[in-house]
Amino acid sequence: MKLTNEELLEMQRRMLRIRLFDERASKMVKRGQIPGTVHTSVGQEAQVVGACMAVRADDYMTGNHRSHGHPIGKGSALGPLMAELLGKATGICQGKGGSLHLADFAVGSLGESGIVGSSIPIAAGAALSSKLLAQDRVALAFFGDGAANQGGLYEAMNLAGIWRLPVVFLCENNQYALSTPAATVTSGRIADRAHGFDIPGVRVDDGQDVLAVHDAVREAADRARRGEGPSLVEVMTYRFHEHSEGLRLSTDYRDAAERDAWLARDPITLFRERLLADGVAAAEALDALEAEVADEVEAAARFALESPLPEPEVAFADLYTDPSAAEVAA
Amino acid sequence: MSQMTYLGAIGAAQLEAMQADERVIIFGEDVEANVYGTTGAGKSRQAEGDFLQLFGRDRIRNTPISEEVMVGAAAGAAMTGLRPIVDLSYSSFLYLAMDQFVNQVAKNRYMFGGQASLPVVFRSAMFYGLSTGAHHSDRPYPMFMNVPGLKIIAPATPSDAKGLLRAAIDSDDPVLSFEAVPLWGSKEEVDDGEYRIPLGVARTAREGEDVTVVAISGAVPEALAAAEALGDEGISVEVIDPRTLVPLDTEAILRSVRRTGRLVVADPAHRTCGAAAEVSALVAELAFDALRAPIARVTTPDMQIPFSPALERQLYPTRETIADAVRGVCGRSREEAMA
Ligand SMILES: Cc1ncc(C[n+]2csc(CCOP(=O)(O)OP(=O)(O)O)c2C)c(N)n1
Ligand SMILES: [Mg+2]
């Protein structure tokens, strides 16, 4: 797949946004500026951005608890996302969703889910809308290796298969569900499970290579757009941080040698080297890009910190579209 | 006006809505063949009014037996421009999709700060009192009343079924419709034109002075029969049918109780945390001063549903048990009434 230099640099920009946003969020959790916890995509940026940039800006997307990368990868502005993590009035969900429930309908993000596997059927429904309303949109459903053992995924794959829905099921196989190694709870290869539904199932073995992810997802998305139905793409990757920030969960479940081997394959460093080698950009330009993103993330953090908290009555709004329903119920 | 059964009225509302708006689609198990009788006018595929012939397979869709994805996909479709009606057949099958109902359908608008709206209707039939046994006899609406974000209708007459369902389909919020199978065959004159009954407005099914009976779903005809019999004993009973359980027309219930001073709630659901419990609590909180006797609930006891008709029949509110409860709150025993 031939991408323009602008597209390649945009990939690096979005990966950097995720990295710096998540590292900033991690610090803010530890400083108590973010209530609760967050799950970062640090180390998985290529898997996220490769997929998000293989679909169009108006395509639909659903996600999971490892939630910031998806909307950022899809092109969300950082300020309202960061403000949401802090529970501020200017948050993308007005402070009612938090990290686990980011959604940005403006970029097709129909919502991240705190319940593992639960958003996958939503993507199937969005794909049905696209098909019946002749919108030519694809739905990209992100979920982890842990979620791959939820039954709803298979109901959704079957339905999407039989109705030829334009869905790309994207399994982010970071090889652990919290502390549980995927290999100990997963019979067979996840990608192969697609074959039982007579839909393509491919595995991207090097999920640290943003272009490899992009190509696989692009093929699946193109196929979906042509009306040929869903695909499953499993991407092998690794999370560099703990399962979630600041929870002080025990950390000794991952082998040190395994971890070091993956840490040595930082997707952003790898892509930078590639951009340099291919003459897409000079080192100074890439440094400038990094500085630009750092400023952007800093500005988002400042925006979030300086934003007001929501007024208490906001807690009682938006249960229904029809406000009188909530009043009668109260 | 024409004679319509309850089931026919549901079919009529669906037909109207499908004709009025292309974004309305119906999916569920066995809807193409009109097995449950609400997606076609006649019994046979050929009969005029068959939905599959009228609207085609894009808009009338058989699903696999996969309740979780049926409900979740309906939510996703509703969030992106369609207005699905999902036929879940038996109410007992809603449990299979509990995560989607509670965590997605009910929460998505709220938790995303109002970005989503979910114009979707989930219809299901409560097959109780028909020897369908423990797995097919549920009346689970109270569980869903406990989930903020869902609206719930429980029509008791053909006219209400048509008007409420139409309003539910028009609503931009998710609505669960619980349809009592014992009412399926009931008939009355129904307006053939398009009309909507607003959600959250109760109906006074019978006016009376001495006791308010709030009756829900299949308990409504039983309460009316009880009221008729009690009239002969000199007890004047007002029967209020809330029709919508969420939002609940609290005002209408309070207004009636303030006048009569006595409340009986007849509810075919289980007793603990049931709809009757909620109605009773509201009246106790908000109209305690008007009460001249303790509130009485006539519900299904907290017991599973047995198969044998000899065992099952006694469990649900009947005209007799409702009448006994009314006599009780009036300080009369059945023996006194007979005397
Ligand atoms: C239904 C459900 N069960 C359990 C959890 C608790 N939980 C949150 S994340 C997680 C691990 C998920 O693993 P995976 O799907 O591989 O995603 P990853 O965190 O590795 O990105 C668990 C068990 C949950 N949120 N939802
Ligand atoms: Mg995982």
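Here the structure is a predicted model, which means the values were calculated and not measured. A note on names: the letters A, B, ... follow the listed sequences, proteins ahead of strands, and every chain is numbered from 1.
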Undergrad: Measuring only between side-chain heavy atoms, which start at C-beta, is F178(B) closer than 4.5 Å to S217(B)?
TA: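 F178(B) does not reach S217(B) side chain to side chain.
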Undergrad: Please look at A123(A) and chain B and tell me whether the side chain, the backbone, both or neither of the residue comes under 4.5 angstrom of a heavy atom of that chain.
TA: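 Neither; nothing under 4.5 Å.
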Undergrad: Flag the pair E68(B) / L96(B) as yes when at least one side-chain heavy-atom distance between them is below 4.5 Å, and no otherwise.
TA: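 In short, these two side chains do not touch, never coming nearer than 4.5 Å.
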Undergrad: Answer with side chain, backbone, both or neither: which region of D58(B) has an atom nearer than 4.5 Å to a non-hydrogen atom of chain A?
TA: both
Undergrad: Could you look at I25(B) and say if it's the side chain, the backbone, both or neither that has a heavy atom under 4.5 Å from chain A?
TA: side chain
Undergrad: Using non-hydrogen atoms only, which part of E67(B) is less than 4.5 Å away from chain A: side chain, backbone, both, or neither?
TA: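 The backbone, not the side chain.
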Undergrad: Kindly state each residue pair satisfying salt bridge (charged side-chain N to carboxylate O under 4.0 Å, His left out) with at least one member in residues 132-141 of chain A, sequence neighbours excluded.
TA: R56(A)-D136(A), D58(A)-R137(A)
Undergrad: For chain A, find which of S171(B), A74(B), P174(B), A116(B) contributes the most heavy-atom pairs closer than 4.5 angstrom.
TA: A116(B)
Undergrad: Under 4.5 Å heavy-atom distance to chain B, tell me which part of I115(A) shows up: side chain, backbone, both or neither.
TA: side chain
Undergrad: Which bit of L100(A) is near chain B, if near means a heavy-atom gap under 4.5 Å: side chain, backbone, both or neither?
TA: neither
Undergrad: For L132(A), is it the side chain, the backbone, both or neither that has a heavy atom under 4.5 Å from a heavy atom of chain B?
TA: side chain
Undergrad: Is it the side chain or the backbone of Q100(B) that comes within 4.5 Å of chain A heavy atoms, both, or neither?
TA: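 Only the side chain of Q100(B) comes within 4.5 Å of chain A.
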Undergrad: Hey, is D170(B) close enough to R196(B) for a salt bridge, meaning N to O under 4.0 Å?
TA: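 Looking at R196(B) together with D170(B), the answer is yes, because their closest N to O distance falls below 4.0 Å.
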Undergrad: Heavy-atom distance under 4.5 Å to chain B: side chain of Y154(A), backbone, both or neither?
TA: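 Contact with chain B involves no heavy atom of Y154(A) at all.
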Undergrad: May I have the step-by-step check of side-chain hydrogen bond (donor to acceptor under 3.5 Å, both in side chains) for S113(A) and S119(A), ending in yes or no?
TA: CA-CA 6 Å; S113(A) 172; S119(A) 67; 4.9 Å; no
Undergrad: In terms of heavy-atom pairs under 4.5 Å, which option from A160(A), A156(A), A106(A) contacts chain B the most?
TA: A156(A)
Undergrad: With no hydrogens and no angle check, do the side chains of T321(A) and D172(B) hold a donor and an acceptor under 3.5 Å apart?
TA: no
Undergrad: With only heavy atoms counted, which part of Q104(B) is less than 4.5 Å from chain A, the side chain, the backbone, both or neither?
TA: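 For Q104(B), side-chain heavy atoms alone lie under 4.5 Å from chain A.
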Undergrad: Regarding S99(A) and H39(A), do their side chains bring together a donor and an acceptor under 3.5 Å, going by distance alone?
TA: no
Undergrad: Assess whether a salt bridge exists between R193(A) and E234(A), defined as any Lys/Arg side-chain N lying under 4.0 Å from an Asp/Glu carboxylate O.
TA: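 No salt bridge links R193(A) with E234(A).
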Undergrad: Is it the backbone or the side chain of E84(A) that comes under 4.5 Å from a heavy atom of chain B, or both, or neither?
TA: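 For E84(A), there is no contact with chain B at all, as no heavy atom is under 4.5 Å.
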Undergrad: For R139(B), check salt bridge (Lys or Arg N to Asp or Glu O under 4.0 Å) against everything at least two apart and list the hits.
TA: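 Residues passing salt bridge (Lys or Arg N to Asp or Glu O under 4.0 Å) with R139(B): none at all.
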Undergrad: I need the residue from I120(A), I122(A), L102(A) with the largest number of non-hydrogen atom pairs under 4.5 Å to chain B.
TA: I122(A)
Undergrad: Could you check which of A103(A), S118(A), G91(A) has the highest count of heavy-atom pairs closer than 4.5 Å to chain B?
TA: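 Result: the option with the highest number of such pairs is S118(A).
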Undergrad: Quick test of your reading of the model: are E16(B) and R166(B) salt-bridged, counting only N-O distances below 4.0 Å?
TA: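 Yes, E16(B) and R166(B) are salt-bridged.
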Undergrad: Among I65(B), V71(B), L150(B), single out the residue with the greatest number of heavy-atom pairs under 4.5 Å to chain A.
TA: L150(B)
